[in-house]
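Here is the structure we will look at.
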Amino acid sequence: MAKTDITEKIVSLAKRRGFVFQSSEIYGGLNGCWDYGPLGVEMLNNIKQSWWKEMTYRENVEGIDASILMHPRVWEASGHVDNFTDPMVDCKECKARFRYDILLEGLSEKAAKKMKEDLKKELNLDDDKIKSFIEDPDNSEKVLSTVNCPNCGRNGTFTKARSFNLMFKTYIGPVEDSSNIVFLRPETAQGIYVNFLNVKEAGRQKLPFGIAQIGKAFRNEINTKNFLFRTREFEQMEMQFFINPKDDGQWFEYWKEQRINWFVKHGIKKEKLNIHVHDKLAHYAKAAVDIEYEFPFGWGEIEGIHNRTDFDLKRHTEYSGKKLEYFDDQTKERFIPYVIETSAGASRSFMAFLINAYDEEQVAKENSDGSKSTEVRTVLHIHPSFAPVKAAVFPLVNRDGMQDIAHNITEDLRNHFRVFYDDSGAVGRRYRRQDECGTPYCITVDSETLTNDSVTVRERDSMEQVRVHKDKLTEYLSQLIIRN
RNA sequence: GCGGGAGUAACUCAGUUGGUAGAGUCACAGCCUUCCAAGCUGUUGGUCGCGGGUUCGAGUCCCGUCUCCCGCUCCA
């Protein structure tokens, strides 16, 4: 299957079956924004719930839900005000766009030296001043006036650097002036760091312990693309684990294993997972790996595990004046904890699980004239615990009271699972409809049910059936679904 | 932001030199049907992405704009 094919098919199926719709579609859509439909929100909630249980049903991890709007100083402390701004320059001739600082780094040694010497002569500055002059994006026009465009090779064709800050800005209260500016959080992590002391006290936690949170974050990306992968509004599932700095290597490895296992346990194919080790680290990190999934468009990060050191707590101590420290009663040590961060994209995970589940199977078919052929079965092999609907209930035919029995079974199961009743069309068609929705089990009431109260349970992936007594269905399905 | 492709029914698409908007699938109702998209009948559903313009007349030609896909660029 061609790569673009499969993305298009999944986007189309996602819409048709109610997983994902484009935001504001009737108005022509809003770039890079998507809505979860009835099945999508169910599946997304299942993913989040599984993560939440996995992370917080432990002795040493607490959950919180911090506010999206935070004090503006938070983002100064975190480095987002300074580092989340990218100065960009365009080549006027070939229209290629570059980040100013990366463009400078990419210059050959010879070219860099020449540029420096020329500027030094012209502006009559010493070495230190020249360096800061060059680094200041405001001087980009002057600095780049003799530089060749890496794309088209032309000389001195760059525009002035323009700043792109990736944080969404808004105002608190009715007056729109600079003293009222707040940002939509570009990551959920800071809401955890600033609550470190609160949670430690309230939860009576000792190191090592973690704080988990699921929530939306916003980045005003220059470009959105690849369906749910790069969007301006997205949801994160983050856990920040606070430790003694001397144990950082051990905990980093521990959480890396834990998080990879979670994806594998829920059906992500191992050959579609890759661990990408960062060689170039962000300003806050000592070690970083990405868990990547092989999407149809290529490898993409679905979770990052970072050793953020004491960077964030130290910075918040500095900016707020509150000591975000830990005192160990046993060893009488006082220190700023290190943080091992596990940061998963909920939306990206959803997309990975959806794509991972998609399959077009060739199945044997007997035609009405008795000849054999094959046909395509489109099926979502979603892990049962993530499947939006756990079971569908059908009367085999609409007579002899089978509908009533099927309705009663549906109502019984509904006390425990999300179930769906369907009596429209041939039973084979109903099975296939549920396959496309990823429903793992289909229960059919047939003539045998009328005599001995047993029904068939058909499993989605194998298409095999077993007979189960209708009063045992809840127990039977529970075992299959909750065994994660 | 640049280059290329696309946008017509819920989905996939057709629509001739400009002349009353189509098919298949899906959905719904009924018939038939005792286990994997069978068949028959009927029905719903579209100001052709949106906004202008040219024209007696625009899905079709022109301009603008939005969105999606691919490739660059970008992704602390």
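Hydrogens, waters and symmetry mates play no part in the numbers below; they use all other heavy atoms, side chains included. Every chain is numbered from 1 and lettered A, B, ... according to where its sequence line falls, protein lines coming before strand lines.
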Item to check | B:A37 to B:U12 separation - C1' atoms, rounded to the nearest Å | outcome: 16 Å
Item to check | C1' atoms of B:G46 and B:A23, separation to the nearest Å | outcome: 14 Å
Next on the checklist: Between P on B:C36 and CG on A:Asp423, what's the gap in Å once rounded to a whole number?
Outcome noted: 18 Å
Checklist outcome for this item: A:Tyr431 atom OH is separated from B:U34 atom P, nearest whole Å, by 15 Å
Next on the checklist: Once hydrogens and angles are ignored, does a donor-acceptor distance under 3.5 Å link the base of B:C74 to the side chain of A:Asn223?
Outcome noted: no
Checklist entry - Heavy atoms under 4.0 Å, any strand shown: does A:Thr444 hit a base, just sugar-phosphate, or nothing? => result base
Next on the checklist: Under 3.5 Å, is there any donor-acceptor pair linking the side chain of A:Gln465 to the base of B:C35?
Outcome noted: yes
Checklist entry - Tell me the salt bridge (Lys or Arg N to Asp or Glu O under 4.0 Å) pairs involving residues 27-40 of chain A, sequence neighbours left out? => result none
Item to check | Whole-Å P distance, B:U17 and B:C62 | outcome: 14 Å
Checklist entry - Checking all strands, does A:Glu187 fall into the base, sugar-phosphate, or nothing category for heavy-atom contacts under 4.0 angstrom? => result base
Next on the checklist: According to salt bridge (Lys or Arg N to Asp or Glu O under 4.0 Å), who are the partners of A:Glu318, at least two apart in sequence or on a separate chain?
Outcome noted: none
Next on the checklist: Between B:G18 and B:C48, how far apart are the two C1' atoms, rounded to whole Å?
Outcome noted: 15 Å
Checklist entry - Under 4.0 angstrom, heavy atoms only, what part of the nucleic acid is A:Asp435 near: base, sugar-phosphate, or nothing? => result nothing
Checklist entry - Say you pick atom P in B:G45 and the same atom in B:C28; how far apart are they, in whole Å? => result 16 Å
Checklist entry - Where do A:Thr474 and A:Phe417 come nearest, in terms of heavy atoms and distance? => result O-CZ, 3.9 Å
Next on the checklist: Applying a 4.0 Å non-hydrogen cut-off, can you work out what A:Gly32 is touching in the nucleic acid: base, sugar-phosphate, or nothing?
Outcome noted: sugar-phosphate
Checklist entry - Under 4.0 angstrom, heavy atoms only, what part of the nucleic acid is A:Arg377 near: base, sugar-phosphate, or nothing? => result nothing
Item to check | Interatomic spacing from OG1 in A:Thr378 to CZ in A:Arg17 - rounded to 0.5 Å | outcome: 9.5 Å
Checklist entry - Counting any heavy atom closer than 4.0 Å, what does A:Glu464 reach on the DNA or RNA strands: base, sugar-phosphate only, or nothing? => result nothing
Checklist entry - Which of parallel (below 30°), tilted (30 to 60°) and perpendicular (above 60°) describes A:Phe297 and A:Phe295? => result parallel
Checklist entry - Tell me: CZ of A:Arg399 to C1' of B:U34, nearest whole Å? => result 7 Å
Checklist entry - Can you find a side chain N or O atom of A:Lys225 that sits less than 4.0 Å from OP1 or OP2 on B:C70? => result no
Next on the checklist: Quick test of your reading of the model: are A:Arg308 and A:Glu187 salt-bridged, counting only N-O distances below 4.0 Å?
Outcome noted: yes
Checklist entry - So, does the side chain of A:Arg430 form a donor-acceptor pair with the base of B:C36 at under 3.5 Å? => result no
Checklist entry - Once you round it to whole Å, what is the distance between C1' of B:C26 and CG of A:Leu13? => result 12 Å
Next on the checklist: Tell me the interatomic distance from A:Phe21, atom CZ, to B:U67, atom C1', rounded to whole angstroms.
Outcome noted: 17 Å
Checklist entry - Does A:Ser424 put a side-chain nitrogen or oxygen below 4.0 Å from OP1 or OP2 of B:C28? => result yes
Next on the checklist: On the nucleotide B:C69, are OP1 or OP2 found under 4.0 Å from the side-chain N or O atoms that A:Asn226 carries?
Outcome noted: no
Next on the checklist: Output the rounded distance in Å from CG (A:Asp400) to P (B:C32).
Outcome noted: 13 Å
Item to check | Whole-Å C1' distance, B:U44 and B:C36 | outcome: 28 Å
Checklist entry - Can you check the A:Lys9 NZ to B:U25 P distance for me, whole Å? => result 18 Å
Checklist entry - Going by an N to O cut-off under 4.0 Å, is there a salt bridge joining A:Asp422 and A:Arg429? => result no
Checklist entry - Is it true that A:Tyr476 and A:Tyr441 have ring centroids separated by less than 6.0 Å? => result no
Checklist entry - Taking the P atom of each, how far is B:G39 from B:U25, in whole Å? => result 8 Å
Checklist outcome for this item: Atom CZ of A:Phe227 and atom P of B:C68 are separated, to the nearest Å, by 11 Å
Next on the checklist: Please classify the nucleic acid contact of A:Asp446 as base, sugar-phosphate, or nothing, using heavy-atom distances under 4.0 Å.
Outcome noted: base
Checklist entry - Given the rule that a pair is Watson-Crick or G-U wobble with both distances under 3.5 Å, how would you write RNA chain B in dot-bracket, using | for pairs to a different strand? => result (((((((..((((.....[..)))).(((((.......))))).....(((((..]....))))))))))))....
Item to check | Under 4.0 angstrom between A:Arg433 side-chain N/O and B:C36 OP1 or OP2 | outcome: no
Item to check | Close side-chain approach of A:Tyr193 to A:Glu341, heavy-atom, < 4.5 Å | outcome: yes
Checklist entry - What about A:Thr456, does its side chain sit under 3.5 Å from the base of B:C35 through a donor-acceptor pair? => result yes
